[in-house]
Structures are given as structure tokens and as C-alpha cells.
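For the numbers below, each heavy atom of this structure counts, side chains included, while hydrogens, waters and symmetry mates do not. Chain naming here is simple, since letters A, B, ... match the order of the sequence lines and numbering starts at 1 in each.
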Amino acid sequence: MTLTHTASESTAAELSRRSFLRAGVAASGGLLLSVSLPFATRDSAAAASGSFEPNAFIQIGGDNRIVLTMPYVEMGQGTYTSIPMLIAEELEVDLKQVHLEHAPPNDKLYANPLLGVQATGNSNAMRGAWLPMRKAGAAAKTMLVAAAAKRWDVDPASCRAQNGEVHHAASGRSLAYGALAADAALIPVPDNVKLKSPADFKLIGTPAKRLDTPSKINGTAAYGIDARPTGVKIATLAQSPVFGGRVKRVDDAAAKAVNGVRQIVQLDDAVAVVADHMGAAKKGLAALQIEWDEGPHAKLATADIARELETATTKPGAVAQNVGDADKAMTSAATKIDATYQLPFLAHATMEPMNCTVHVRPDGCEIWVGTQAITRVQAAAAKALGMPPDRVVVHNHLIGGGFGRRLEADGVVRAVEIARQVDAPVKVIWTREEDVQHDMYRPYWLDRISVGLDAAGKPVAWNNRFAGSSVIARWAPPAFRNGLDPDTTEGAIDLVYDIPNFHVEYVRVEPPGIPTAFWRSVGPSHNVFVTESVIDEMAAAAKQDPLDYRRALLGKSPRAKAVLELAAQKAGWGDKLPERHGRGISLQFVFGSYLAQVAEVEVGKDGAVRVRRVVCAMDCGSVVNPDTVQAQLQSGINFGVTAALYGEITLKDGRVGQSNFDSYQMLRIDQAPAIEVHIVKSSEPPGGMGETGTSGSVPAIANAIFAATGKRLRKMPVDPALLKQA
Amino acid sequence: MPFQLTINGASHSVDADGDTPLLWVLRDVLGMTGTKFGCGMALCGACTVHLDDTAVRSCITTIDSVGESKITTIEAVGTTPAGKKIQQAWLDHEVPQCGYCQSGQIMSASALLASKPQPTDADIDDAMSGNICRCGTYVRIREAIKQAAQSGG
């Protein structure tokens, strides 16, 4: 996970040839280019020492096949199409000629280099790959041209690469890349390759068809849950309903009597039923009598956690950003707003429930899973088994929804614990209830915020102190420094607005027993909601239009201003709406992209909120695949609508109060808004895409509800009871 | 006593308890993994298959309730006229993202189109609101169904 948000800009300077690209002869005899993408290696000791750690490989074989092995994983965000587009563009080949392979840690060729660097998250795939992948493609093209020129004994400048071939116009000769690959492998990697000018792009910026779509419409796409190694048994499990609880006693007689049940596996804090099929496993699970020792969190409730966070915000935290003197400026403010904002725990609820197939043998272990972090999975399994990592083979699969959930290895460790007691491969499938009740949750957040306005309504002071869990502190401890990490504060600091005195503090508070994790749009899922709600409150206090109010504060942010104005114009900002309908704006610069959204809501007399339409305008720099950008915004926005209207995991007596899609609701098609996406043309480096829609839609909805009803919702999800017409 | 099930035109003898949901027979016993597990309670539609021409949730359809009905799954829905149109529209509109729910979406949409060749928005809401897509591909699902309805054949 790259933790720097301006990766693309900074990588340009860092990418010397030596640090990112090497060439050699592929095992197949063709050209092999090894690429070191700026990725999780940024913080590693190896990166610091300047050693070469490739994590992507491009092979050009004698058969003209171009095979890309890369560390990013496809979870619906289109990466399997957009990254090959970068190579195909500069290499001058058809996109169809580029074949993708999962990066398998067991493959001798790739095993070592890929370790420790593979994770897909934080919307960073395209940001990290933009320059290196294009440079790798351009370098390969230059080497192939040089190989052809050498063979023909002509000046390379008189040759031209096109459509997977090198041509020499003067003599009318041409050779396919495959025929040149072996020779090209012996040519030194060029020091400086010239990248194509955006005006010459044939592929980048066009709506390329996704390479993974055909398999996803006919049932052939293989997700982790579809793995069926020979002799596989199916298991399902019950984990302690209270986090931190233990199994006290199990009566498994009835479960064992179920037709098809083969074995009951008892762990410290879980019991699994192993069977011939999931039907029998579930029946067996229902027949188990388990007595739990509920442990220290047996009385825990959401309100306890909220209270602890609230108390934490009364004490100083780590200063995330300070500009000017907010305390002093506040004393002279004409108007003050003091507010407390709260966001709930959220589950990921990926459509593919947690699952992992494991075969533990005396000499090693094989794992079939869909993961965003393959080497983390390998390391965790190795640790659980007391084996060296190279004994653990991980077969990665397509991911039936990641959203951060599959950056974690907990499900793999669970499956390993069960599988080591089973003399066969075993596929551990969590029921939806287990998936919801034993997720690792988006943290609960509480912000205490004060802002001051001058007599004209302009902001003079901003003081925000917020408390909650730091996922980074657990997931990537070195990145948590001086009480801060870059994810937790993203969207709370470095605002696009001109605010002369600005002070933000963070207090890390880990909820007792409740595991937290990254959740689509991570830190900004919290911070953009608070920031954009408060800006809206300021506009209201200043008795100004929310659009005009924001616009006046964007002197330093022309790109933000442009998306704001475009979204407002396309949404018909200011046009009359029926009673109890309203429009709300949000504006953000996170994940390296600018996004403005205008949500239009209707609030029923009973307080029920319907999001009718969302119009957004995005400037994410250079667009690789505009269709993917549109798809990701549609997706991210609906993810945010779900969170705003329904998303809440609550705790009572240490137990999660939600269990399946009846109690943890998802947005459905009959409630889904019309979504319009407008993309601002830009030649800036690409920004992240996959998560942006989510963070911005929640405040846009809350602000629209304010416009419709005059009720300011400072706590999510929307509570219809507060919105009933009097 | 084994159950005889006709799936995608082929007859299968399945030896499992009668109350076993069809979903697990398809996936775990017969190895047809295109039909997906999402909730186990007919709340999400990921497991949708056709029983004769009707879309049903295979996670709550027990094998002893199937009787003589013919089962069609995502693996063979493309052989039906409506299924073929829906799959093509799904490709044209690039509907899938993670893709996990799309087997069920396509089965529900195919059954809709077979019974209502020109569905209205309200028909689409009715037929498709039982299918959750966590990636939120709803805008494209709606567009794709409308395109499929307009395509000839």
C-alpha cells in the first residue's frame, strides 16, 4: 500500500532506469523485462538501500505472446484492463496481444521478487503504474527496434514499430516482435526512453473493453470460493459471538449424526463443521450445541465506544496540521459553530462471503483464495503453521468484492487452523451471518469541531480534534509515526479551501476487542463527510448558497473549482425542486483526484430518504480507460448511498446486532439513484479512482437532506425518525 | 434415495438429503460453480437459477421440491434466446465489476425478459430488486436490460 498521495508526481523524479527496470532473457527464450513499481516497497528497507526489487514482469516470447505478471489484483476496478493498456500503448501492440497472469508466489521465477510487495488498495494501482509501465513498454519497443536494426544493419531511427512488428520502410522489410525478442534481450536497457505524447495515444483515453468481462457473464470466472482441489471437503464455522470469547463446551453428537458431516473441528474461539457439501455443513452447524466463555467484552455496547471517543477528544491529540493560530482567531470570530460528528462501524459485506481453501500437508501448505494482499496471506499462514513462507503456496483468484476486506489475512489463518486438523483439502466458507458479525470493521469515528466566521461569513478559524482507530498502526506499523498516519488524516487536512487559521488533531483510540480494517475510501470515508458537512454548516451560518460559499474559498484550487462548477451546472444547481426535495454538494481532493458531487434527495413525510440523482464531475488527471472511470464512480457512489442510508454495525452485550442482508441492508436497484458522471479532460498524472465516489456521496446526501428539511445530520446513517414531517 | 435432477438438459442423479438446497448440490456435489452463494436466505439473489422458466433462489430451493422441473443455470442460460440477449447486453454495457453477483443478475434479467419482452422501469425494479450488487452496477444493469429488450431475434 503506497502511503504517499502524490505518488505519480514524485515517482517521475525517482524513476531512474537503474531503480525500476531491468532486462534479461526469459525462461522461454524471449525478452523479459522486470519492473519495480513504486508500491509498498516505498517504506521498506530494500527500497531505502536502493536494491532492485521487481514486482511486475513483461515477457515477449518467440510466439509473439506478451505476458504481463503484475502485483495488482482485479476486484472489479478494471485494473486487469487499464494496466495492460499502458504497456500496449507504448509498446505499439494491440491490447488483445497482452495476456495477464496471476502472480503466483510458488512460481520459481517470480517467487522471491514478488514477496513483501503485493497488495492492492488505497486506489493506488494506476497512480503507481502510470509512468513505470509506460516506460517499460517504451523501453521494450526501443530494444526490439534496436534488435531489428542490428539484424538488418540499418539505422534504428529508420525503423518504426507498429502493431507488434518492426518495419523498415526503405527496404520494405518487417519482423514480428516474437522473432526479435531473443535478440532484444541482449540489448542494453536504454537510458532514456521517450514516452508518447498524449496527443499520439491510440489506446489510453479510449473506452477499452474489459478483459475480464466475458468470463463474468457465463459463470466461468473463478473466484476463491470456486476452487475445488481434488478431494476437497466443505466446512463452515461458528466463531465466538462476543469478540475475545472462547469455546467452553461443545456437544457435537447431533451435528455428527447429520448425513454428509465428516468431522467437527474445535478451536479456542471457534467450532467448524467439515462435510461433503455446504448444505450438510450448515445443517451440522445448526445442530451444534456450543457454550461460550464470553470473555472480557461480554457487556460491550456501541454507546460505550462512542463515550470513550468523546472523552478522548477532550484531551490533546497528535497535531496533523496547523496553519496560523486557530485558537486566537476563534476569539475574534463573529460567529462560531461547535459540533460533534459521528460515523458508525461498517462491515464490508462483499458479495462473495469470506472463504479460503487450504490443504495442509506435512511438507507444506497450499491455499486457494482471492486476496488483495497475497504475500500477507502467505506470511500469516506460514506463521500459523510454523513453516517457512516458501512452503506455503498461494493460488490467487478473482475477488468477489474487496473494499479492503481482502487486505486482511484473518480468514486465511482461520482456514489454516481448521485445515491442519483435517486430512484433506478443506474449503472454509463463512455464512453471511459470520461474515457480517466477524468482519474487521470500518472504525467508529467521533469528531469535535469548532469553526469561526467573520462578520461577512468567511472562515477565520477551524479547529478539529477527532478520535478513532488507526488501521495503519496495525496493518503497516512503520507508517504510524508520532501518533499519526497518512490514511487516518486524509481528507481532514490539506483542504482545498482557503482557511487562514486551521488546526487538526487526531487521538488514536482502539475500540476494545473490535477489529478494524480499511473500508472503501478509508480515511476519507470519515473525513470528507465531516469536512463537507461543516463547510455546508458554515455556508448556512453565513446565509449563503453552499455552491457560492465554496466557490469563494477556492482561490488556491483551480482544479477543485472547475469540478465544482461543472457538477453544479450539470445538476441544474439552483433550479426549483418540489417541497422536501433538496440538493447537496460535496467537494474533495483525495486519492490524488478532484471530485464534486451534487446529490438530489426526496424526504418522505415519514422521514424516509430517497436519493433520486447524483451528478458528479471528476478531474482524475490523465484518464486511461474512461469507461472504467465512469463505472467506478457509479459504483463508489452507490457504495456511499448504502452507507448513508443503511450502514451501521452496532454492538450490544459484546455482540454485533446485524447478521444478514435483512438487518445489514444494501442499496437495491429500485432505490438506486440515477448517476451522471462528467470527466474533466486533463494531462496531469492519473489520480486514484476506485474509492473516490464513496467518500463524497455521504456528505452530499446529508447536505441535500439539510436543503430539503433544514435538519442537519451530524451522525450517520440517516435516521428517518429525525426527519419526520411535524 | 437419489434424486434425479435435469440441469441444463442433462440428467443427474444426486445422493443427498432431500432438504439440501439446490445451490450446494450444484456447487459442491456437481461442481457447477457459476451459481453463487451470497446469503443463504433468498435475500441477495446471487444464487438465482431457473426452474422451468421461473427465476428461483437456489439457496432455499430444496432438491426434494424440484420434482420434474428443468433447472437452467448461468452455465447454459446463453442457449436461451432471452439469456443470449442479456449476456450480449451485459458485455456491451460492461456491466460486471467484481462480477460475483452477475450470474444471479443475469438469471433474474433473463427470466424477466423471457416473460416480459418489453419491461418497463417498474418491471425492472420488481424483477431485479431481489438481486444485490455490492459494486452498485445498477445503472448499467437497467441500461443493459433495456438494450436487450430492444435487440431483435
Side-chain angles (χ1 to χ4, degrees), chain A residues 75-78 207 209-210 212-223 225-226 228 234 259-260 276-280 282-283 349-353 398-403 429 431-433 627 631-632 634-639 641-642 660-662 666-672 674-675, chain B residues 16-17 19-21 23-25 27-29 31-41 43-44 46 62-63 73-78 86-88 90-91 94-106 122 124-126 128-142:
Chain A
M75 46 190 170
Q77 81 280 38
K209 284 289 173 193
R210 281 185 44 182
D212 53 329
T213 304
S215 72
K216 290 179 173 175
I217 61 152
N218 62 16
T220 57
Y223 300 86
I225 203 168
D226 300 326
R228 300 182 80 243
I234 311 292
N259 188 20
D276 293 340
H277 55 82
M278 183 68 169
K282 281 182 80 172
K283 215 166 151 185
T350 61
M351 288 311 293
E352 178 190 7
L398 288 175
I399 290 179
F403 316 125
I429 303 173
T431 60
R432 175 58 63 191
E433 292 79 4
D627 192 57
Q632 281 304 300
Q634 291 170 340
S635 171
I637 287 167
N638 279 336
F639 210 86
V641 176
T642 296
N660 207 318
F661 293 128
D662 46 356
M666 298 289 121
L667 187 73
R668 294 169 183 271
I669 194 168
D670 58 332
Q671 294 293 312
I675 298 173
Chain B
D17 287 354
D19 62 355
T20 304
L23 172 65
W24 304 117
V25 169
R27 290 185 53 83
D28 294 344
V29 179
M32 300 170 68
T33 54
T35 304
K36 301 302 189 212
F37 166 53
C39 70
M41 291 174 67
L43 295 169
C44 80
T62 57
I63 54 172
T73 71
I74 185 68
E75 283 89 353
V77 77
I86 289 289
Q87 284 181 327
Q88 186 58 49
W90 248 242
L91 274 176
E94 293 281 2
V95 175
Q97 292 193 22
C98 91
Y100 189 81
C101 75
Q102 298 296 343
S103 293
Q105 303 280 0
I106 287 169
I124 293 172
D125 283 349
D126 280 351
M128 303 303 295
S129 60
N131 289 78
I132 294 173
C133 174
R134 185 62 162 140
C135 299
T137 62
Y138 300 126
V139 173
R140 292 180 182 216
I141 287 174
R142 190 180 296 280

Margin query: With chain B as the partner, which of A:Ile225, A:Thr350, A:Asp662, A:Thr220 has the greatest number of non-hydrogen pairs under 4.5 Å?
Written below: A:Ile225
Item checked: Side chain A:Asp670, main chain B:Asp125, donor-acceptor under 3.5 Å -> no
Check: For chain A, which of B:Gly130, B:Ala46, B:Gly31 has the most heavy-atom pairs under 4.5 Å?
Finding: B:Gly31
Notebook entry, point to check: Hey, which of B:Pro21, B:Gly34, B:Gly40, B:Ser129 has the most heavy atom pairs under 4.5 Å with chain A?
Noted result: B:Ser129
Checklist line | chain A contacts, top residue of B:Thr137, B:Val77, B:Leu91 (heavy-atom pairs, under 4.5 Å) | finding: B:Leu91
Margin query: Between B:Thr20 and chain A, with a heavy-atom cut-off of 4.5 Å, which part of the residue counts as in contact: side chain, backbone, both or neither?
Written below: side chain
Next item on the list: Test A:Met351 against B:Cys44 for side-chain contact (heavy atoms from CB on, under 4.5 Å), laying out the working first.
Entry: CA-CA 9 Å; A:Met351 288 311 293; B:Cys44 80; 3.8 Å; yes
Next item on the list: Measure from the side-chain N and O atoms of B:Gln97 to the backbone N and O of A:Ala631, and report whether any donor-acceptor pair falls under 3.5 Å.
Entry: yes
Checklist line | Winner by heavy-atom pair count (cut-off under 4.5 Å) against chain B, out of A:Thr431, A:Asp276, A:Asp212, A:Ile234 | finding: A:Ile234
Next item on the list: Taking all non-hydrogen atoms of both residues into account, name the closest pair between B:Arg142 and A:Ile669 and its distance.
Entry: NH2-O, 3.4 Å
Next item on the list: List the atom of B:Phe37, the atom of A:Pro353, and the distance in Å for their closest heavy-atom pair.
Entry: O-CD, 3.3 Å
Checklist line | Side-chain (A:Arg668) to main-chain (B:Ile132) donor-acceptor, under 3.5 angstrom | finding: no
Check: For B:Tyr138, which residues count as a ring pair (Phe, Tyr, Trp, His ring centres under 6.0 Å) partner, sequence neighbours excluded?
Finding: none
Item checked: Best-contacting candidate, B:Ala16, B:Gly38, B:Cys101, B:Cys98, against chain A by heavy atom pairs under 4.5 angstrom -> B:Cys98
Notebook entry, point to check: Considering only heavy atoms, which portion of A:Thr642 lies under 4.5 Å from any heavy atom of chain B: side chain, backbone, both, or neither?
Noted result: side chain
Check: Do the side chain of A:Thr213 and the main chain of B:Glu94 share a donor and acceptor less than 3.5 angstrom apart?
Finding: no
Check: Where is the tightest heavy-atom contact between B:Cys39 and A:Asn660, given as atom of each residue plus distance?
Finding: O-ND2, 3.0 Å
Next item on the list: Please look at A:Pro207 and chain B and tell me whether the side chain, the backbone, both or neither of the residue comes under 4.5 angstrom of a heavy atom of that chain.
Entry: neither
Checklist line | Closest-packed option against chain B by number of heavy-atom pairs under 4.5 Å, given A:Ala221, A:Gly260, A:Ala349 | finding: A:Ala349
Check: Most heavy-atom pairs under 4.5 angstrom with chain B, which of A:Gln671, A:Glu352, A:Met666?
Finding: A:Glu352
Margin query: Between B:Asp28 and A:Arg228, does any side-chain N to carboxylate O distance fall below 4.0 Å?
Written below: no
Check: What distance do B:Ile106 atom CD1 and A:Lys216 atom NZ have between them, rounded to the nearest 0.5 Å?
Finding: 12.0 Å
Margin query: Strictly below 4.0 Å, N to O, side chains only: are A:Asp226 and B:Arg27 in salt-bridge contact?
Written below: yes
Check: Are any of the side-chain heavy atoms of A:Phe403 and B:Arg134 separated by less than 4.5 Å?
Finding: yes
Next item on the list: Specify which of B:Cys133, B:Ala122, B:Gly99 makes the most heavy-atom pairs with chain A at under 4.5 Å.
Entry: B:Gly99
Checklist line | Any donor-acceptor N/O pair, B:Gln102 side chain to A:Ile217 backbone, under 3.5 Å | finding: no
Margin query: Please classify the contact between B:Asp19 and chain A as side chain, backbone, both or neither, with a heavy-atom cut-off of under 4.5 Å.
Written below: side chain
Check: Which bit of A:Ile429 is near chain B, if near means a heavy-atom gap under 4.5 Å: side chain, backbone, both or neither?
Finding: side chain
Note to self: List the residues meeting ring pair (Phe, Tyr, Trp, His ring centres under 6.0 Å) with A:Tyr223, not counting sequence neighbours, and say none if there are none.
What the structure shows: B:Tyr100
Next item on the list: Under 4.5 Å heavy-atom distance to chain B, tell me which part of A:Lys209 shows up: side chain, backbone, both or neither.
Entry: both
